[in-house]
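First the proteins, then the strands, lettered A, B, ... as listed; each starts at 1.
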Amino acid sequence: MTIKLYNTLTQHKDDFTPIDPSQVTMYVCGPTVYNYVHIGNARPVVIFDVLYRLLKRNYPNVKYARNLTDVDDKINKAAAENNESIKVLSSRFVDAFHADMAQLNTLAPDLEPRATDNIDAMIEMIQTLINKGHAYESAGNVLFQVSTDANYGKLSKRNLDEMIAGKRVEVESYKKDAGDFILWKPSTDDLPGWDSPWGRGRPGWHIECSAMINKHLGKTIDIHCGGQDLIFPHHENEIAQGTCCHDNGSENFVNYWMHNGYITMNGEKMAKSVGNFFTVRELLDKFPGEVLRFALLTAHYRSPLDWSEETLLQAKASLDRLYGALRGAPIDANDIEHAKIDAVEQFIKDDLATPQALSVLHALAGDANKTEGEEKLLFQKALRRAASYLGLLTLNADEWFRWQPASSNASDGLGAEQIEALIEERLQARKDKDFARSDEIRDELKEQGVTLEDSKDGTRWTRS
RNA sequence: GGCGCGAUAGCAAAGCGGUUAUGCACUGGAUUGCAAAUCCACGUAGGCCGGUUCGACUCCGGCUCGCGCCUCCA
């Protein structure tokens, strides 16, 4: 089966046909690095990591770029408040972002261009847009003139008349039309700025993505991803910039636009401005990154996903079952083939149908639990391999069941040696038929968050 | 006002015009010294009203409710 992707441009699930199968290009809008990312910010990173892995399995070369917006008014403001440079501030949060995303087992992009490293490309694109009559200077700003782009609105399905009729658009005096947007704006001495043909200033938000795509990936790319809230105006404006700077603007800027739905809290969009969010960082202090990743994959990526403690606990319970089926299984499973692995691949190829892919994982876990020996091993490896397509089940079962938050000190609770010693003592008690003492030890450990399970292979312990 | 999305069993969440989604929870059984884990069994759910059809959760229309974008936002 070919890969099918829902394309916001066509509003259909379309067969994916790359421009050049020997070099597939994808771009994901990355974070503005002025504080820690929340779980809603992590959704596109995880979802499109699944897409990246899928493309890599199906094409020899995939070039995946994800930008870092490291100059922006919110960054400027935060840096000024901290009395530090935007470079120092943004670098700190870039590091935090990388660390958080690594915990979610996302692969690093092939390219991670920073806005401040690509100012030249932006200035060049803006100049081209001016030369072609798509942009104008006004009161120190350079603005894109939306009325010069006949295709404006094709992604978000809006037209200029509606835009202008929209009561929420404030018409600034320096704009020719209400929908015109900033490409370049002047910086005062206390703000970060770069020299340009229009004086010292800084780029508008939308230009960085268009310019960096052009510079690093090409004139037209295969796939561009981001959250649904970026469809308008950000991606619409990217298209305007990216097409109008070339030829007559008739070529596609991006062939497949993919947008993920929101993470919600009690049904309402999670947003920094609303304040109803959990940072990835704080969640990682309570749950392994894999629980967050699993939770993000339980719903289809275009649907809203309501986030709560219950969401995490259910993801944890599902992973406990899957890892339970992997006890004793090797990590390496690349040599295995199985129909259910193919089934997982087919589901992912069908517009990233992760909930269905996960159901196959559960089926494999059941298969492994019902069998023994070589047959069991085969199912375990199949489960491991199928899960790897989703970036899941990368740990040994014991590592999983004994996970503790990074913030917990070795002095907190019991160490492995103490636990093992108590298990030895309990084993002797059981041999002596001293079940009172045996159960006492088990209860004591339970209070410390350690669960004992007796099996014919001996007693094993897990942390809850 | 314009554009768009959703409503599935106790919870979460899918596909599908007519055969079990799946996981968790619950109940019974097997197993266990007792547990845990595991296995087996167990749920006709699809907002409301019409229509199309031999047959609709699944297509069409209307309604109700919820949400989103149009301003920074993943």
Side-chain angles (χ1 to χ4, degrees), chain A residues 8 11 28-32 34 37-48 72-74 153 156-159 161-170 178-179 181 205 225-234 236 259-264 266-274 277 294-295 297-306 308 310-322 324-325 327 347 350 353-363 365-366 368-371 401 429-430 433-436 438-439 442-443 446 451-456 459-462 464:
Chain A
T8 308
Q11 296 178 295
V28 176
C29 280
T32 301
Y34 68 102
V37 296
H38 61 66
I39 190 68
N41 302 123
R43 168 121 97 151
V45 180
V46 168
I47 289 296
F48 299 120
D72 156 281
D73 285 349
K74 286 191 290 284
S156 56
K157 322 298 174 199
R158 291 159 212 263
N159 66 54
D161 294 338
E162 289 163 3
M163 297 269 310
I164 291 158
K167 52 196 172 202
R168 298 180 69 179
V169 179
E170 285 285 329
F181 57 91
W205 174 37
C225 316
Q228 280 174 350
D229 45 1
L230 298 183
I231 295 172
F232 191 89
H234 185 54
E236 195 68 63
H259 293 97
N260 63 278
Y262 304 121
I263 299 291
T264 57
N266 299 315
E268 309 230 321
K269 180 185 173 186
M270 180 181 286
K272 280 179 184 168
S273 55
V274 181
F277 62 88
F294 191 97
L297 298 177
T298 54
H300 185 74
Y301 77 94
R302 281 187 281 115
S303 302
L305 172 61
D306 205 62
S308 67
E310 186 64 19
T311 310
L312 274 325
L313 292 175
Q314 293 211 5
K316 169 79 160 53
S318 292
L319 281 165
D320 280 343
R321 173 173 148 81
L322 297 177
R327 289 182 190 280
F347 281 131
D350 185 11
T354 56
Q356 291 166 83
L358 292 177
S359 76
V360 179
L361 262 40
H362 281 290
N369 286 334
K370 271 175 273 200
T371 48
F401 285 111
R430 292 179 73 210
K433 303 281 183 207
D434 183 359
F435 294 120
S438 166
D439 290 350
R442 192 169 60 196
D443 291 343
K446 189 79 192 170
T451 304
L452 298 190
E453 297 172 12
D454 297 323
S455 76
K456 60 177 180 288
T459 300
R460 65 181 177 229
W461 61 273
T462 65
S464 56

By centroid distance (under 5.5 Å) and plane angle (under 30°), are A:Y262 and B:G68 in a stacked arrangement? no

Do A:K272 and A:N41 come close enough that some side-chain heavy atom pair is under 4.5 Å? yes

If you only use heavy atoms from C-beta on, which nucleotide in B:A74, B:C34, B:A36 is closest to the side chain of A:D229? B:A74

So if I take every side-chain heavy atom of A:K370 and compare against B:C69, B:C34, B:C39, which nucleotide ends up nearest? B:C39

A:R430 has a side chain; which of B:A21, B:A74, B:G33 sits nearest to it? B:G33

Nucleotide nearest A:F232 (side chain, heavy atoms from C-beta), chosen from B:C69, B:A74, B:A36: B:C69

Can you tell me if A:R321 touches the phosphate of B:G23, counting only side-chain N or O atoms and a distance under 4.0 Å to OP1 or OP2? yes

Write down the distance separating the P atoms in B:G4 and B:C60, rounded off to the nearest Å. 15 Å

Where the side chain of A:R460 is concerned, which of B:A37, B:A74, B:U22 is the nearest nucleotide? B:A37

Counting side-chain heavy atoms from C-beta on, which of B:G23, B:C34, B:G2 comes nearest to A:R442? B:C34

Is there a side-chain contact between A:T298 and A:Q314 (heavy atoms, below 4.5 Å)? no

Of the nucleotides B:A74, B:C72, B:G33, which one has an atom closest to the side chain of A:D439? B:G33

Work out how far the C1' atom of B:G61 is from that of B:G68, and round it to whole angstrom. 24 Å

The nucleotide from B:C67, B:G33, B:A74 with an atom nearest the side chain of A:S438 is B:G33

Counting only side-chain nitrogens and oxygens, does A:N369 get under 4.0 Å of the OP1 or OP2 atom of B:U38? no

A correct 5'-to-3' footprint of nucleotides 10-16 of chain B, with B, S and - meaning base, sugar-phosphate only and no protein heavy atom under 4.0 Å, is -BSSSS-

Using atom C1' of each nucleotide, how far apart are B:A41 and B:C26 to the nearest Å? 14 Å

A:G267 backbone acceptor or donor facing A:D306 side chain under 3.5 Å: yes

Secondary-structure stems for RNA chain B, with pairs counted as Watson-Crick or G-U when both distances are under 3.5 Å and runs at least 3 long: B:1-7 with B:64-70, B:10-12 with B:22-24, B:27-30 with B:38-41, B:47-51 with B:59-63

Euclidean distance for C1', B:U20 against B:C42 (whole angstrom): 13 Å

Considering only atom P, compute the distance from B:C59 to B:G6 and round it to an integer number of Å. 10 Å

Roughly how far apart, to the nearest Å, are B:C54 and B:C48 at atom C1'? 26 Å

Look at the side chain of A:Y262 and the backbone N and O of A:A271, then say whether any donor-acceptor pair between them is shorter than 3.5 Å. no

With respect to the phosphate group of B:C70, does any side-chain polar atom (N or O) of A:K157 fall under 4.0 Å of OP1 or OP2? no

Is there a side-chain contact between A:D439 and A:R442 in this structure, where contact means two heavy atoms from C-beta onward sitting under 4.5 Å apart? yes

Give me the distance, rounded to whole Å, that separates B:C70 from B:G62 when you measure between the C1' atoms they each carry. 27 Å

Taking the side chain of A:K74 as heavy atoms from C-beta outward, which of B:A36, B:C72, B:G68 is closest to it? B:C72

Taken in chain and number order and not counting sequence neighbours, the residues that satisfy ring-ring contact (aromatic ring centres under 6.0 Å, His included) with A:F277 are A:H38

